[in-house]
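Notes to accompany the following structure.
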There are 4 protein chains.
Amino acid sequence: MPDSAHSEAPARRVRADAQRNVDQLLEAAKAVFAVSGVDAPVREIAAQAGVGVGTLYRHFPQRSDLITAVFKNEVDATAAEAAGLVSGREPLEALVAWLMRFTGFIATKQGLAAALHSGDAAYESLPGYFESRFGPVLTSLLEGAEQAGEIRAGDVEPIDLLRAVANLSLSGDEDHTRRMVRLIIDGLRFSAER
Amino acid sequence: MPDSAHSEAPARRVRADAQRNVDQLLEAAKAVFAVSGVDAPVREIAAQAGVGVGTLYRHFPQRSDLITAVFKNEVDATAAEAAGLVSGREPLEALVAWLMRFTGFIATKQGLAAALHSGDAAYESLPGYFESRFGPVLTSLLEGAEQAGEIRAGDVEPIDLLRAVANLSLSGDEDHTRRMVRLIIDGLRFSAER
Amino acid sequence: MPDSAHSEAPARRVRADAQRNVDQLLEAAKAVFAVSGVDAPVREIAAQAGVGVGTLYRHFPQRSDLITAVFKNEVDATAAEAAGLVSGREPLEALVAWLMRFTGFIATKQGLAAALHSGDAAYESLPGYFESRFGPVLTSLLEGAEQAGEIRAGDVEPIDLLRAVANLSLSGDEDHTRRMVRLIIDGLRFSAER
Amino acid sequence: MPDSAHSEAPARRVRADAQRNVDQLLEAAKAVFAVSGVDAPVREIAAQAGVGVGTLYRHFPQRSDLITAVFKNEVDATAAEAAGLVSGREPLEALVAWLMRFTGFIATKQGLAAALHSGDAAYESLPGYFESRFGPVLTSLLEGAEQAGEIRAGDVEPIDLLRAVANLSLSGDEDHTRRMVRLIIDGLRFSAER
DNA sequence: GATGAATGAGGCTTCATTCAT
DNA sequence: AATGAATGAAGCCTCATTCAT
């Protein structure tokens with residue numbers, strides 16, 4: 001919902017430039033974080049975005065502002081893909097597919113875990129945001145699998161499962177991650193058999 | 001196996017302080033790494049060990065030397081505890097107990113994963129060391145559980161399981177880790193039922 | 001030949017302070033090198049220039065960048081003074097006058113010889129620059145003296161003479177240097193007499 | 001004239017070891033100075049001598065003690081070679097031969113000039129020592145050449161000539177040094193012709 | 001006496017952040 | 001608003017020198 005919704009006031013102009021800079025910074029930060037981690041030098045991000053460091057600081061006074069913005073951006077994008085991944089798949093496979101998509105998101109967050117554990121108040125909202133966006137998606141996928149008789153959804157909290165998959169994806173080895181995700185899913189199937 | 005194993009050789013003396021300093025450095029480094037990660041300032045480690053930075057550099061010219069020494073030290077200690085944890089426990093519980101002990105080891109390795117992925121040749125030997133020490137222990141535990149009919153050991157490579165548990169323990173939340181480890185073990189039990 | 005030679009191009013602005021800092025750094029470095037040699041602490045140079053060390057590193061990322069810049073700066077200045085020194089002097093005296101001016105340049109290069117001999121590729125261009133600027137000047141002076149029948153110019157390579165005078169000036173005793181320069185000139189006159 | 005001239009007192013024993021260490025240190029220092037200059041790391045010298053740094057400091061508490069000892073040692077050796085170089089040579093050639101031998105001595109003193117100019121009182125005695133040993137030798141060689149009618153010895157102070165040749169030899173290019181020494185000698189011959 | 005381990009000052013360099021243009 | 005130059009704190013590392021063994 002952009003501020004420019006009301007065109008009657010002269011409002012701020014030049015918003016185009018500024019917004020483009022923000023977008024470029026977010027994109028650059030995402031790319032740099034994936035390669036060099038969230039502690040990457042500020043100048044590297046600014047350079048990749050094609051702006052001066054001053055511009056970066058104007059839009060993101062704290063490093064944490066940039067990190068959280070990138071993070072939320074990607075959380076939104078990942079959550080939005082859920083529907084597409086699910087359609088046409090068996091419930092259990094849909095669950096695995098989405099979890100694997102989710103690991104791709106995490107794998108670009110080198111150093112984020114450390115930031116989250118740093119105790120910096122700026123990151124306090126992230127887990128909640130994370131859960132608010134992914135929780136419903138995952139809950140729905142788990143319920144689908146449960147209704148298909150594949151698992152017993154009550155055996156795991158969605159957020160627990162997300163954390164686990166997030167941590168597993170830190171290995172950076174996608175094949176390994178996939179195997180371990182399936183093993184966890186098997187764990188859910190195990191209890192369903194009892 | 002220290003040189004002093006054979007007391008008949010004159011060997012170097014003075015080793016007393018030097019060895020004590022090395023020990024203090026390893027202990028301090030372990031503690032600091034757990035809190036501040038493996039990129040913690042050199043001075044912090046030296047100060048905690050009660051020595052000057054020069055002493056640290058004498059014994060560990062590269063940061064990687066200190067990291068690998070601490071790592072191997074703890075790998076050894078963790079592996080050595082396997083027997084005690086196993087005795088008197090049912091096979092499956094022994095497996096879980098040891099894996100949880102193992103997570104305690106990993107939880108103090110903040111930043112080590114990044115170092116391992118850095119491509120620095122100094123760390124190349126660590127995965128092998130890790131596997132050589134833990135592989136046999138875990139294989140033995142898995143076989144015990146298999147012979148008890150609890151799991152099907154062939155469904156997972158010991159090293160895969162170690163990596164998974166290591167990554168899970170990065171959450172820093174021991175309860176969560178324990179739940180997820182049990183979920184993975186359930187995954188192994190699932191296939192055993194088929 | 002600065003970019004700003006053509007005022008029609010927009011070019012970068014802000015250049016004013018930056019250029020002033022560069023100039024101050026070069027001047028400070030020249031002074032500090034003369035007193036403490038080219039290995040003087042970076043901070044000393046930055047302080048004398050009235051800037052932070054970061055500014056020094058921005059403009060001269062390597063110490064060798066600063067050394068070569070100072071060097072070339074002074075080579076240019078010294079070469080440019082040739083005309084003024086020559087006019088109104090007898091050829092031989094003009095030669096001596098210029099060589100003595102040249103010694104003043106060298107006397108501020110404490111430690112440069114060692115740097116040149118260090119094998120660092122950054123200094124490879126200096127001897128060539130040196131020769132390209134001073135060679136023609138000295139050749140012209142030698143030819144003037146030869147045409148006046150004072151010396152036989154073919155008896156010495158200009159670059160040999162420059163090196164010799166440069167080394168002689170390292171004594172730091174101007175009077176001694178002057179006597180020895182004259183002695184060398186006498187050496188050139190000797191052969192002219194035969 | 002060794003202290004052990006009087007064998008009646010028990011005197012200090014172990015002198016052999018200590019003296020050997022001193023000799024090894026002097027030799028090592030000479031070699032290291034030639035390669036790395038007189039500011040070379042203390043440990044490099046101790047290592048090359050095969051002793052601990054403590055031993056170096058015992059015998060040479062100050063770096064200047066070691067430098068001056070090496071220097072005097074070599075001054076003595078160089079002066080002692082004068083007779084051999086002179087015999088069987090024409091006076092002028094004898095002079096050149098000795099000067100060139102002298103340049104070989106200087107060429108191994110990278111950084112000594114800087115030390116001498118440092119104002120450190122420890123080096124104050126060196127020029128005097130230098131002159132007291134070399135002055136007579138050179139005076140004698142100059143007089144020989146003068147008596148042969150080749151030069152006019154009064155035109156240059158022996159010490160001036162030594163300084164000049166010392167500085168010329170800093171180029172490290174022996175051929176160049178030789179040419180310039182000959183040019184200086186020609187300078188002396190020039191005045192003899194008048 | 002000899003050794004070499006320990007110390008820590010001192011020099012180097014990077015980079016987050018500010019601020020003049 | 002944007003830029004990027006300047007700043008300087010902070011971390012790294014290397015020795016000269018001392019001193020326990």
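Note on naming: letters A, B, ... go to the chains in the order of the sequence lines (proteins, then strands), and numbering restarts at 1 for each one.
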Would you indicate, yes or no, if E/dA5 has its OP1 or OP2 atom less than 4.0 angstrom from a side-chain nitrogen or oxygen of B/Thr55?
no
Should the heavy atoms of other residues, nucleotides or ligands under 6.0 Å from CD of D/Glu44 be counted, would the total exceed 12?
yes
Main-chain N/O of B/Phe33 paired to B/Ser36 side chain as donor or acceptor, under 3.5 Å
no
At under 4.0 Å, does any side-chain N or O of D/Asn21 touch on OP1 or OP2 of E/dG1?
no
Between C/Leu126 and C/Lys72, does a side chain to side chain contact (heavy atoms under 4.5 Å, CB included) hold up when you go through it step by step?
CA-CA 8 Å; C/Leu126 289 193; C/Lys72 290 183 177 179; 3.9 Å; yes
Of the listed nucleotides (E/dA2, F/dC12, E/dA5), which one gets closest to any side-chain atom of D/Arg58?
E/dA2
Pick the closest DNA chain F nucleotide for B/Ala40 and for D/Ala40 by heavy atoms, then say which residue is nearer the 5' end.
B/Ala40
Return a table of donor-acceptor pairs under 3.5 angstrom between the side chains of residues 108-119 of chain B and protein atoms on other chains or two or more places apart.
unit_1: B/Thr108; atom_1: OG1; unit_2: B/Phe105; atom_2: O; d: 2.8
unit_1: B/Lys109; atom_1: NZ; unit_2: B/Glu74; atom_2: OE2; d: 2.6
unit_1: B/Ser118; atom_1: OG; unit_2: B/Ala115; atom_2: O; d: 2.6
unit_1: B/Ser118; atom_1: OG; unit_2: B/Asp120; atom_2: N; d: 3.2

Starting at CG of D/Leu25 and ending at P of E/dA2, how long is that distance when rounded to a whole Å?
10 Å
Under 4.0 Å between a side-chain N/O of C/His59 and OP1 or OP2 of F/dA6, yes or no?
yes
Counting C-beta onward and ignoring hydrogens, is there a side-chain heavy-atom pair between A/Gln48 and A/Ile45 closer than 4.5 Å?
no
Can you check the A/Asp39 CG to E/dT14 P distance for me, whole Å?
18 Å
Dot-bracket encoding of pairs in DNA chain E, which uses [ ] for pseudoknotted crossings and | for another strand, Watson-Crick or G-U under 3.5 angstrom:
.||||||||||||||||||||
Give the nucleotide from the list F/dT21, F/dC15, F/dA6 with an atom nearest to the side chain of D/Pro41.
F/dC15
Heavy-atom donor-acceptor pair, C/Arg63 side chain to C/Val38 backbone, under 3.5 Å:
yes
Distance, rounded to the nearest Å, where C/Glu44 contributes CD and E/dC12 contributes P
10 Å
What I want to check is whether the side chains of B/Tyr129 and B/Asp76 have a donor and an acceptor closer together than 3.5 Å.
yes
Whether the side chain of B/Arg58 engages the backbone of B/Val53 through a donor-acceptor N/O pair (distance < 3.5 Å, no angle test) should be reported.
no
So which protein N/O to nucleotides 17-19 of chain E N/O distances come out below 3.5 Å?
unit_1: E/dT17; atom_1: OP2; unit_2: A/Tyr57; atom_2: OH; d: 3.1
unit_1: E/dT17; atom_1: O4; unit_2: A/Arg43; atom_2: NH1; d: 3.3

Rounded to whole Å, CG of B/Asp23 lies from P of E/dA6 at a distance of 12 Å
Protein-nucleotide distance (B/Leu66, atom CG; F/dC13, atom P), rounded to Å:
12 Å
Gap between atoms CZ and P, on C/Arg20 and F/dA6 respectively (whole Å)
9 Å
Rounded to whole Å, CG of B/Asp17 lies from P of E/dA5 at a distance of 10 Å
Full working for side chain to side chain contact (heavy atoms under 4.5 Å, CB included) between C/Gln19 and C/Val22:
CA-CA 5 Å; C/Gln19 186 56 53; C/Val22 168; 4.0 Å; yes
Would you kindly give the CZ-to-P distance between B/Phe60 and F/dC13, to the nearest whole Å?
15 Å
